[in-house]
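Heads up, the thing below is written out as structure tokens.
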Amino acid sequence: MDLISILATVILLTTIGTLVVAVAAYAAFKMREKRKPKRHDPTVPLHGAREPVFLTRFIPETTKPEVDGGEPSVDKGEGVR
């Protein structure tokens with residue numbers, strides 16, 4: 001076999017392997033979708049998005065603007081005399 005036919009065989013086998021892995025991943029995804037909880041689970045709400053079970057939402061405190069218009073103080077480089 002020459003180099004071209006070897007490379008063509010490698011590319012063909014890689015493509016077929018990729019397609020097999022893609023089909024297996026899709027089948028696993030569909031099987032996982034079928035395993036959704038069917039009984040009443042208190043952690044899953046009936047309507048709306050799922051909420052985190054163990055985490056609490058972090059809401060940062062809002063800062064109030066400075067009295068002089070919100071501009072940060074700038075050092076004018078005068079130094080100590």
Side-chain angles (χ1 to χ4, degrees):
M1 292 180 91
D2 60 335
L3 184 63
I4 300 295
S5 60
I6 291 173
L7 291 176
T9 304
V10 167
I11 291 172
L12 178 66
L13 292 177
T14 303
T15 304
I16 291 172
T18 302
L19 289 174
V20 167
V21 169
V23 168
Y26 182 73
F29 171 72
K30 283 298 186 180
M31 288 173 48
R32 182 175 176 244
E33 266 190 351
K34 287 183 181 179
R35 280 191 330 139
K36 297 276 183 187
K38 293 181 172 52
R39 61 183 172 81
H40 178 66
D41 190 357
T43 61
V44 180
L46 297 176
H47 303 289
R50 298 180 98 175
E51 295 293 326
V53 179
F54 299 108
L55 302 175
T56 57
R57 184 173 178 177
F58 173 74
I59 301 173
E61 298 177 6
T62 57
T63 58
K64 296 180 181 176
E66 297 292 326
V67 178
D68 61 351
E71 296 289 328
S73 61
V74 178
D75 184 18
K76 301 195 186 217
E78 294 178 358
V80 179
R81 294 185 211 190

| said: Can you list, by chain and residue number, the hydrophobic cluster partners of Leu19 when the side-chain cut-off is 4.5 Å? | reply: none
| By side chain to side chain donor-acceptor pair (under 3.5 Å) - contacts of Ser5 (at least two apart) | Asp2
| task | Just jot down the side-chain contact (heavy atoms from CB on, under 4.5 Å) partners of Thr18, sequence neighbours excluded, or say none. | result | Thr14
| request: Each residue besides Leu7 in its hydrophobic cluster should be listed here, by chain and number; the cluster joins Ile, Leu, Val, Met, Phe, Trp and Tyr at side-chain heavy-atom distances under 4.5 Å. | output: Leu3
| note | Here the salt bridge (charged side-chain N to carboxylate O under 4.0 Å, His left out) pairs for residues 15-30, sequence neighbours left out, are Lys30-Glu33
| message | Test: salt bridge (charged side-chain N to carboxylate O under 4.0 Å, His left out). Region: residues 8-28. Which pairs qualify, not counting sequence neighbours? | response | none
